[in-house]
Amino acid sequence: MDSSSQSLLLVEDDNRVSDFLMEGFCEEGFTVTRAPDGQAALDALTTSTYDCIILDLMLPIVDGLQVCRQTRQQHITTPIVMLTAKSSMEDKITGLSAGADDYMVKPFSFEELLARIHAQIRRNGLYTDNLLHVADLELDLQTRKARRNDTNIELTSKEFKLLAYLMRHSSRTVSDRELIEQVWGMNFDPKTNVVNVYLHHLRNKIDRDQPVKLIHTIRGKGYRLTEKEPA
């Protein structure tokens, strides 16, 4: 199953567990945002949308149950898979009652977690909408082709993943570090210009000869894909 167009919010305060899951999810083609505590998770949910949330129960600042409840109170329907060391039926019922869609007890099999994430995404109906839109730009997540002003745009695999990430996060500016970590799945190196190189290719395909430019560089902050010129 292709996960390259899907994004996860990983909420886990244990760095060893978080690093292990991050590596596995990136290898599977997901883009992953990591939140080390409950408040960071709630902040992330106010600025971005995700296909699935992997939520640890025992978190600093705001615990997983409160994150779950507040997420549902804000009418966010993103599937939540809760991870916890608590294995009693009462604990499971508490987690599901707070709004979790699934509940896995640590230690767990990564393959099983992956299967459950895919199942939750399917159940949420996210595969039925395979198109992303920003202004007159359309990206088909199934064929991996873009279209603007009735012109088809062929993309390489990495260009597709970069464009999908920019379109999914078009409500905000994304940094070089975020793109390197989420799109390339690598640690950030300030000396690399790989983002600039690929954005140059994308601009040539998306914005060249178009009166309205969509890919903008925000000096000192990063990049944003939007119809309106950022302030």
Side-chain angles (χ1 to χ4, degrees), residues 1-10 22 25-34 44-52 78 121 124-231:
M1 182 176 296
D2 184 11
S3 308
S4 59
S5 61
Q6 296 158 0
S7 61
L8 305 177
L9 176 61
L10 173 60
M22 188 87 174
F25 291 144
C26 288
E27 286 179 356
E28 290 294 324
F30 288 103
T31 57
V32 188
T33 298
R34 185 170 6 190
L45 287 166
T46 64
T47 58
S48 300
T49 59
Y50 303 92
D51 293 322
C52 191
T78 305
I121 293 174
N124 199 44
L126 294 177
Y127 284 129
T128 61
D129 184 4
N130 289 314
L131 299 178
L132 294 177
H133 290 94
V134 174
D136 57 355
L137 174 64
E138 177 182 283
L139 182 64
D140 190 315
L141 301 179
Q142 197 137 21
T143 65
R144 297 187 168 216
K145 291 182 179 179
R147 185 177 179 85
R148 189 172 184 194
N149 282 339
D150 296 323
T151 301
N152 290 324
I153 303 168
E154 297 287 341
L155 300 170
T156 66
S157 177
K158 194 61 70 177
E159 288 169 352
F160 162 77
K161 194 169 183 180
L162 176 58
L163 182 59
Y165 194 86
L166 289 170
M167 292 182 74
R168 295 180 80 94
H169 299 84
S170 61
S171 62
R172 62 183 179 87
T173 299
V174 295
S175 66
D176 281 84
R177 177 183 293 274
E178 181 177 349
L179 291 172
I180 286 291
E181 291 178 351
Q182 302 301 327
V183 176
W184 275 265
M186 302 186 302
N187 292 327
F188 178 67
D189 179 355
K191 296 179 182 179
T192 184
N193 68 341
V194 65
V195 174
N196 281 329
V197 170
Y198 273 86
L199 280 172
H200 175 73
H201 294 324
L202 270 184
R203 283 190 171 105
N204 281 338
K205 293 183 176 184
I206 301 299
D207 283 341
R208 187 175 59 187
D209 301 326
Q210 297 288 344
V212 177
K213 309 304 180 186
L214 296 181
I215 302 175
H216 302 275
T217 299
I218 314 301
R219 187 176 298 276
K221 295 182 179 180
Y223 312 93
R224 187 169 176 186
L225 196 150
T226 178
E227 184 177 13
K228 297 180 180 179
E229 187 77 30

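Everything quoted here is computed from the prediction, not taken from an experiment.
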For Arg168 and Val174: C-alpha separation, side-chain torsions, deciding distance, then whether side-chain contact (heavy atoms from CB on, under 4.5 Å) applies. CA-CA 11 Å; Arg168 295 180 80 94; Val174 295; over 6 Å; no
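Heavy-atom minimum distance, Leu225 versus Ser170: O-CB, 3.2 Å. Nearest heavy-atom pair across Phe160 and Asp140 is CE1-O, 4.0 Å. Across all non-hydrogen atoms, the minimal contact from Lys205 to Glu154 is NZ-O, 3.0 Å. Of all non-hydrogen atoms in Met167 and Val134, the two that sit nearest each other are CE-N, 3.7 Å. The nearest pair of heavy atoms linking Tyr50 to Ala44 is OH-CB, 3.6 Å.
With values rounded to the nearest 0.5 angstrom, Leu8 atom CG is found 5.0 Å from Phe30 atom CZ. Remark: Thr33 OG1 to Met22 CE distance equals 7.5 Å, nearest 0.5 Å. Atoms CG and NE2, on Leu199 and His201 in that order, are 10.0 Å from each other to the nearest 0.5 Å. Atom CD1 of Ile153 and atom CG of Leu139 lie 9.5 Å apart (nearest 0.5 Å). From Lys161, atom NZ reaches atom CG of Leu179 across 11.5 Å, with rounding to the nearest 0.5 Å. In this structure, His169 NE2 and Arg224 CZ are separated by 12.5 Å, a value rounded to the nearest 0.5 Å.
Between Arg148 and Asp209, no side-chain nitrogen of the basic residue sits less than 4.0 Å from a carboxylate oxygen of the acidic one, so the salt-bridge criterion is not met.
Among Leu163, Leu132, Asn149, the single residue meeting the side-chain contact (heavy atoms from CB on, under 4.5 Å) criterion with Leu137 is Leu163.
Here the side chains of Thr78 and Thr49 are not in contact, with every heavy-atom distance at 4.5 Å or above. Side-chain contact check for Val183 versus Lys158: some heavy-atom pair is nearer than 4.5 Å. The closest side-chain heavy-atom distance from Val195 to Tyr223 is below 4.5 Å. Lys145 places none of its side-chain heavy atoms less than 4.5 Å from the side chain of Asn152.
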Donor-acceptor pairs under 3.5 angstrom involving side-chain atoms of residues 212-219: please list them, not counting sequence neighbours.
unit_1, atom_1, unit_2, atom_2, d
Lys213, NZ, Asp207, O, 2.8
Lys213, NZ, Gln210, O, 2.8
His216, NE2, Lys213, O, 3.0
His216, NE2, Thr226, O, 3.1
Thr217, OG1, Arg203, NH2, 2.7

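The salt bridge (Lys or Arg N to Asp or Glu O under 4.0 Å) search around Asp150 returns Arg147, not counting sequence neighbours.
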